[in-house]
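Read through the structure below, which is laid out as structure tokens, and then see the notes.
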Amino acid sequence: MLIRVTPRHAIPSSEVTDESVYRNRREFLRQAGLLGAAVAGVGLPRLARAMDGAGPQGQGPGKLGAVAMGEDLRKDLTDWGDVTSYNNFYEFGTAKDDPAPNARAFRVKPWTVKVDGLVKKPADYQLEEFMKPHRLEDRIYRHRCVEAWSMVIPWRGFPMADLVRRVEPLPSAKYVEFTTLMDPKQMPGQRFPVLDWPYTEGLRLDEAMHPLALFVTGVYGTDLPNQNGAPLRHVVPWKYGFKGCKSIVRIRFTDREPATAWNKAAAHEYGFYANVNPGVDHPRWSQKRERIIGGIRSKATLMFNGYGDQVASLYAGMDLAKFY
Amino acid sequence: MEAGAAAGAVPRGGPPAGEGKGAAPRSRHRSSAPRIRAPQWLKYPVIALSLLPAAWLAFALWSDLTRNTRLLGANPVKEMEHYLGEWNIRFLVLTLAVSPLIQATGWGWLIRYRRIFGLLAFLYIFLHLTVYFVLDVELDAALLVEDVTDRLYITLGMAGFLLLVPLAITSTKGWIRRMGNRRWNALHWLIFPAVVLGMVHYYMAVKRDIREPLVYALIFGVLFWARLRNRRGSRGQAA
Ligand code: HEM
């Protein structure tokens, strides 16, 4: 596969960060004010929370220049406001609009990432060192949640494979496990046993080495807002969103399939593989179609979320209804 | 809210549970309770207020679709389903709270609101189902059938709704007269299984965080208990 790598600072004319995002927001605020009196509490709590989410830490989108991958998806980009206010990040609350307000004070500096397990070079990295050798690039990916909704998101990050090569896994390593920070003081959701904290996720090593798998530190041309998994998360666009581990503090190489948070919570609902597959329904959601975030439209879900030509070979000969 | 419901189930100043067997709690209350009577017209503002959530939702949808606002957030269809779902539950609570409340306060005039809240609950459940069928399933009958047969929480929600249909139909004065109190009451007992189905549906619809459905389950539990307790009381009275 060809990856076009664009020098980070060569930002061309196509600065697309949708102005409509800002316009929407202004319009939205105006109407929120107007409506305030009229609805007298009926919709206000939600309104207030949605407004919180619109500007994480007062942060807006950066400038999104040329992208290394996914240029064809640019026209479908999900609004910044939706990307940063509609989040599944149970560490900060179970409602979609919980993480933005609850993660506001989350401290992402300093940040340490432990790399251990079956590797030649285990180490505790400061995030800066962790990222230093890698060049960040912007890629627009489809993002499909197991709850049958989807976004199109311009991530900023670097290929996971580069990191894997750098830390040199031993030949016995077959899987990678990712762990989210455990800190109930900062992450109010961890005070309730909604999941078996800390959140863990995992990939087969060959999945982690796939050029589409990405370590992500930014979105929309700027640093990741806290509610999106700052300061470091990973993204595997052909899998359901929950496979992406947020606020990662540990990367462990192992020879056994790692236990993953949602699989532990409900094994018959959430498999280890969790490849996007319109042919295998979740007990609660048909996976044939997906709601496009930002409106009421839906569309047909694509096998491997549309990345089948690049990833299908990873699963050759596997029964994907069994290994869901 | 829980505390309020619980307090409502225990008649203030009434005999402690178990002691009042021989007494006639109802009439006693009526005589001792202050004679509060609400005016007839009170139901109009109550109904208007109850329709506000639906009106707000309709406005928000219209605004989001035509004026590019985001009043319903990033996923308007889900938001509408959840919003209406929560109001389903609230109106079912209100409906079931009326009788125990009368029992506790002796305000017989409240009885009028049982039917009103019941019909409002039905209206909201109908809207909930409509949003699901029109906007979520997008009028795809095959998908609807698949959902009803394959997804238990939909099956249960649908069953709950179907149980409520005959109740809504027979809620007019004409039907009450035609059926007679006894049969009418027997039919309308169906609200209890409907609520149970709705609650299990609710419990299954939330993904992992079951705190809210548990709170509502507790409220319904208290309301059911108040009723049972009251029934036992009146049986004792008859004996
Ligand atoms: C007794 C009748 C019903 C009650 C009390 C009820 C109540 C609820 C409640 C409380 C929720 C969850 C709201 C939340 O998460 O905050 C919900 C969700 C939902 N209900 Fe119902 N409902 C009923 C009937 C139905 C029917 C007949 C259907 C469609 C056939 C339906 C479809 C749905 C759907 C699709 C959801 C959203 C699930 C999701 O999050 O994906 N419900 N309902």
Side-chain angles (χ1 to χ4, degrees), chain A residues 20 23-25 27-28 30-32 35 38-44 46-47 49-51 53-54 78-79 81-88 90 93-98 146-149 151 189 192 194-195 262 265-266 269 281-286 288-289 291-298, chain B residues 49-83 86-87 90 131 134-140 142-155 201 204-212:
Chain A
S20 70
R23 254 187 285 114
N24 273 344
R25 179 144 180 252
E27 170 78 347
F28 171 76
R30 195 176 61 80
Q31 275 160 1
L35 262 169
V39 298
V42 176
L44 278 182
R46 279 184 200 279
L47 262 184
R49 284 201 279 170
M51 282 160 66
T78 303
D79 275 356
D82 291 338
V83 171
T84 57
S85 69
Y86 194 74
N87 307 106
N88 273 328
Y90 276 26
T94 52
K96 302 280 187 294
D97 49 2
D98 282 341
V146 69
E147 298 165 6
W149 54 261
M151 298 187 183
F192 305 94
V194 175
L195 290 170
W262 278 104
E269 297 183 32
D281 284 345
H282 180 277
R284 213 161 338 161
W285 303 283
S286 162
K288 293 181 192 62
R289 299 187 69 77
R291 187 76 40 196
I292 302 167
I293 290 301
I296 63 168
R297 289 177 307 131
S298 70
Chain B
L49 211 62
S50 304
L51 292 175
L52 219 55
W56 149 252
L57 202 63
F59 168 80
L61 179 65
W62 168 79
S63 175
D64 281 7
L65 290 183
T66 63
R67 307 194 309 169
N68 213 16
T69 53
R70 277 283 196 283
L71 300 179
L72 295 176
N75 194 347
V77 176
K78 271 292 152 238
E79 176 65 20
M80 292 174 86
E81 281 170 356
H82 288 175
Y83 185 82
E86 278 173 26
W87 283 102
R90 287 177 196 145
V131 166
V134 176
L135 297 179
D136 199 341
V137 170
E138 297 173 354
L139 300 171
D140 183 336
L143 207 58
L144 174 72
V145 170
E146 184 193 302
D147 260 4
V148 170
T149 53
D150 289 7
R151 275 170 260 295
L152 187 57
Y153 83 100
I154 296 284
T155 318
H201 158 83
M204 294 180 75
V206 307
K207 205 161 79 169
R208 201 63 207 149
D209 185 354
I210 54 171
R211 281 173 289 172
E212 269 188 47

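Residue numbering restarts at 1 for every chain, and letters A, B, ... go by the order of the sequence lines.
- Using a 4.5 Å cut-off between heavy atoms, A60(B) does not touch chain A at all.
- If you measure heavy-atom distances from K96(A) to chain B, you find no contacts under 4.5 Å at all.
- Scanning both residues, P76(B) and G295(A), for their nearest heavy atoms gives CD-O, 3.2 Å.
- The two atoms that bring S298(A) and E138(B) nearest to each other are OG-OE2, 2.8 Å, heavy atoms only.
- Across all their heavy atoms, R151(B) and S286(A) have their closest contact at NH2-CB, 3.4 Å.
- Counting all heavy atoms, side chain and backbone alike, R291(A) lies closest to N75(B) at CG-OD1, 3.4 Å.
- Interface summary for chain B: among T78(A), V83(A), L195(A), V194(A), the most heavy-atom pairs under 4.5 angstrom belong to V194(A).
- At distances below 3.5 Å, at least one donor-acceptor pair connects side-chain atoms of R284(A) with backbone N or O atoms of V206(B).
- Separating the OH atom in Y86(A) from the NZ atom in K78(B) is a distance of 8.0 Å, to the nearest 0.5 Å.
- For a residue to count as touching a neighbouring chain, one of its non-hydrogen atoms must lie under 4.5 Å from one of that chain's; by this rule L65(B) touches chain A with the side chain only.
- Both the backbone and the side chain of A265(A) come within less than 4.5 Å of a heavy atom of chain B.
- At a 4.5 Å heavy-atom cutoff, the contact between M204(B) and chain A is made by backbone atoms alone.
- Although no hydrogens or angles enter the test, the distance criterion places no donor-acceptor pair under 3.5 Å between the side chain of R289(A) and the main chain of V137(B).
- Remark: N87(A) pairs with no residue by the side chain to side chain donor-acceptor pair (under 3.5 Å) rule, at least two apart or across chains.
- Proximity to chain B (any heavy atom under 4.5 Å) is restricted, for E147(A), to the side chain, taken from C-beta onward.
- Separating the CZ atom in R211(B) from the OG1 atom in T94(A) is a distance of 5.5 Å, to the nearest 0.5 Å.
- The distance from the CD1 atom of I296(A) to the CG atom of L61(B) is 6.5 Å, given to the nearest 0.5 Å.
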